[in-house]
Peer 1: 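Dumping the structure here so I can ask a few things about it.
To find a chain, count down the sequence lines: A is the first, B the second, and so on, and within it residues start at 1.
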Number of protein chains: 2
Amino acid sequence: MTNKETVYVVSDSVGETAELMVKAVASQFFGQEVEIKHFSYVEDKQDITNVITMSKYSLSIIAYTIVVPELKHYLDQKADEEGVIAVDLMHPLMNAFTQKFNMEPNSQPGQMRKLDENYFKRVEAIEFAVKYDDGQEVRGLKQADIVLVGISRTSKTPLSMYLANKTFKVANVPLIPEIQPPKELFSIPRKKCVGLIISPEKLYEIRTERLKSLGLTSSANYASLDRILEELTCAENIMKKIGCPIIDVSNKAIEETADQILAIFNKRESFA
Amino acid sequence: MTNKETVYVVSDSVGETAELMVKAVASQFFGQEVEIKHFSYVEDKQDITNVITMSKYSLSIIAYTIVVPELKHYLDQKADEEGVIAVDLMHPLMNAFTQKFNMEPNSQPGQMRKLDENYFKRVEAIEFAVKYDDGQEVRGLKQADIVLVGISRTSKTPLSMYLANKTFKVANVPLIPEIQPPKELFSIPRKKCVGLIISPEKLYEIRTERLKSLGLTSSANYASLDRILEELTCAENIMKKIGCPIIDVSNKAIEETADQILAIFNKRESFA
């Protein structure tokens, strides 16, 4: 048994939502590391007894998503008896649903991971994004829901994957001064295109780091400020020609930029 | 104002963790649709007053992740005054941290989205997975943390992306009877390789559907049972030669297969 602060993430399914919530909470205690241990697919009282015993003899708490009422109550009761702190991440919200919407839960684990239509749409979108990454095949531009354009290191690829995971078909096209962008870029509906820009200073920093990680020095043209300014100017001219909205990705995480893109497409409401 | 059951997801950051939790809960009320509306980056009392007013006059509840204590208390108080149900998704767990670990939160929004080392590792892993998808470049096999092998439609690509999102560098190699697999596949450490198989019936179903979506008939060789059995036998022989663990992906969601892969690599504990 370790003495390190530990959170046992217990779930009757994969436990991914629970893990994310634990990470979100842990990030609020920055600088104080917490270990996360998973107990997925718990299905009987013995599984629960085991994890409670482990928690009892270590510096730990339990965070859980268990939808089967019998198991949930057993966990709460055992935790209480053994003096273990166990936090139910789902039931407060489930109870609110029942109270306000007059709905009753079906209490079946694994409902999030159903192989339904939406699931296959997501898989298809991911394959699409991989296929049409980095301007590999121009015909993807017509089929795409969203087309991202930008110079190197403006997060086109991770953004495409992130949006694909939300079932959007995304193609991305790199803009390079020496290469004429595909003419199809100017004939697709401008409203499905988004341009990505970044501050020259930030890009300089990112590219210098990247060269370093590749074992090259920053004297390479790729990371020179002159070159960066040339690329950015050229890219902005193309974006103006397309007439698409432009997002500055400097100091933004993928999730934040994606959120802005979805706001542009009216896919979600936001105060931002 | 609509009369449809609505959940307002309110956050002082993107609100993605909250959204996932709301979806997990909503999936427990299957067949009863619930609308989700986002209010991201709330930063002052006016934002909160607005969303409470909206909630008051509709059939809705609020689910929130707000870490600034002043805003959280204001929301709780206003919701109470106006008779609106507001569920705090983070604080029960945050309080458990404080109580058991003696830690104090820093109460700064957006801590999850920090552009830290882990973040850049994730971006790099995603770019790696795109680059080395579908056996595109054999040299990726050496650099990869995980190498997935399997025949067409065993979820290699979405699995690679999913694991990349967890910062693992993943390469995948398609197995096709007519094409000799790259010899490098037999010289990499066998413990970083995972073979994916699927039941012939399930694969038949998936491929027939895929052909249909491409506007082709299922009489194509690709979806014939004989062809499928030939491909599976050939793939299993290669996997045996590599000596890698084999996972059956039939009826498994990406998250579930990924969970099994990570368990193999001892990246997480699991009862499964």
Peer 1: Would you mind checking which part of B:Ile85 comes under 4.5 Å of any heavy atom in chain A, side chain (CB onward), backbone (N, CA, C, O), both or neither?
Peer 2: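 Contact with chain A is through the side chain of B:Ile85 alone.
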Peer 1: Does any heavy atom of chain A fall under 4.5 Å from the side chain of B:Asn106, the backbone, both, or neither of them?
Peer 2: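 Contact with chain A involves both backbone and side-chain atoms of B:Asn106.
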Peer 1: Counting heavy-atom pairs under 4.5 Å to chain B, which of A:Glu124, A:Met90, A:Lys131 comes out on top?
Peer 2: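 Among A:Glu124, A:Met90, A:Lys131, the one with the most close pairs to chain B is A:Met90.
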Peer 1: Taking every non-hydrogen pair under 4.5 Å, which of B:Val130, B:Leu93, B:Ile126, B:Asn95 racks up the most with chain A?
Peer 2: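 With the most close heavy-atom pairs to chain A, the winner is B:Leu93.
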Peer 1: Need one label for A:Met21: side chain, backbone, both or neither, based on atoms under 4.5 Å from any heavy atom in chain B.
Peer 2: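 Both backbone and side chain.
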Peer 1: For residues A:Ser160 and A:Leu148, determine if any side-chain heavy atom of one lies less than 4.5 Å from a side-chain heavy atom of the other.
Peer 2: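 The answer is yes; the side chains approach within 4.5 Å.
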Peer 1: Between B:Ala26 and chain A, with a heavy-atom cut-off of 4.5 Å, which part of the residue counts as in contact: side chain, backbone, both or neither?
Peer 2: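 Both parts, backbone and side chain.
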Peer 1: Side chain, backbone, both or neither: which part of B:Met94 has an atom under 4.5 Å from a heavy atom of chain A?
Peer 2: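 Both parts, heavy atoms under 4.5 Å.
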Peer 1: May I ask you to check whether B:Asp76 and B:Tyr64 show a side-chain donor-acceptor distance below 3.5 Å?
Peer 2: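 B:Tyr64 and B:Asp76 do have a side-chain donor-acceptor pair below 3.5 Å.
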Peer 1: What option among B:Pro105, B:Ala164, B:Ala125 has the most heavy-atom pairs under 4.5 Å with chain A?
Peer 2: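 Max contact count across the listed options: B:Pro105.
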Peer 1: Heavy atoms, side chains only, cut-off 4.5 Å: are B:Val42 and B:Val51 in contact?
Peer 2: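 In short, these two side chains do not touch, never coming nearer than 4.5 Å.
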Peer 1: Which class fits the ring pair B:Phe97 and B:Phe101: parallel under 30°, tilted 30 to 60°, perpendicular over 60°?
Peer 2: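 Perpendicular, since the angle between the ring planes exceeds 60°.
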Peer 1: Between A:Ser60 and chain B, with a heavy-atom cut-off of 4.5 Å, which part of the residue counts as in contact: side chain, backbone, both or neither?
Peer 2: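 Only the backbone of A:Ser60 comes within 4.5 Å of chain B.
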Peer 1: So which part of B:Val22 gets closer than 4.5 Å to some heavy atom of chain A, the side chain, the backbone, both or neither?
Peer 2: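 Both parts, heavy atoms under 4.5 Å.
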Peer 1: Any side-chain heavy atom of B:Arg122 within less than 4.5 Å of one from B:Asn165?
Peer 2: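 When only atoms from C-beta onward are counted, B:Asn165 and B:Arg122 do touch, with a gap below 4.5 Å.
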Peer 1: Can you check whether A:Val67 reaches A:Lys72 side chain to side chain, under 4.5 Å on heavy atoms?
Peer 2: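 No, side chains not in contact.
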Peer 1: So does B:Glu35 pair up with B:Lys4, basic N to acidic O under 4.0 Å?
Peer 2: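 Salt bridge absent between B:Glu35 and B:Lys4.
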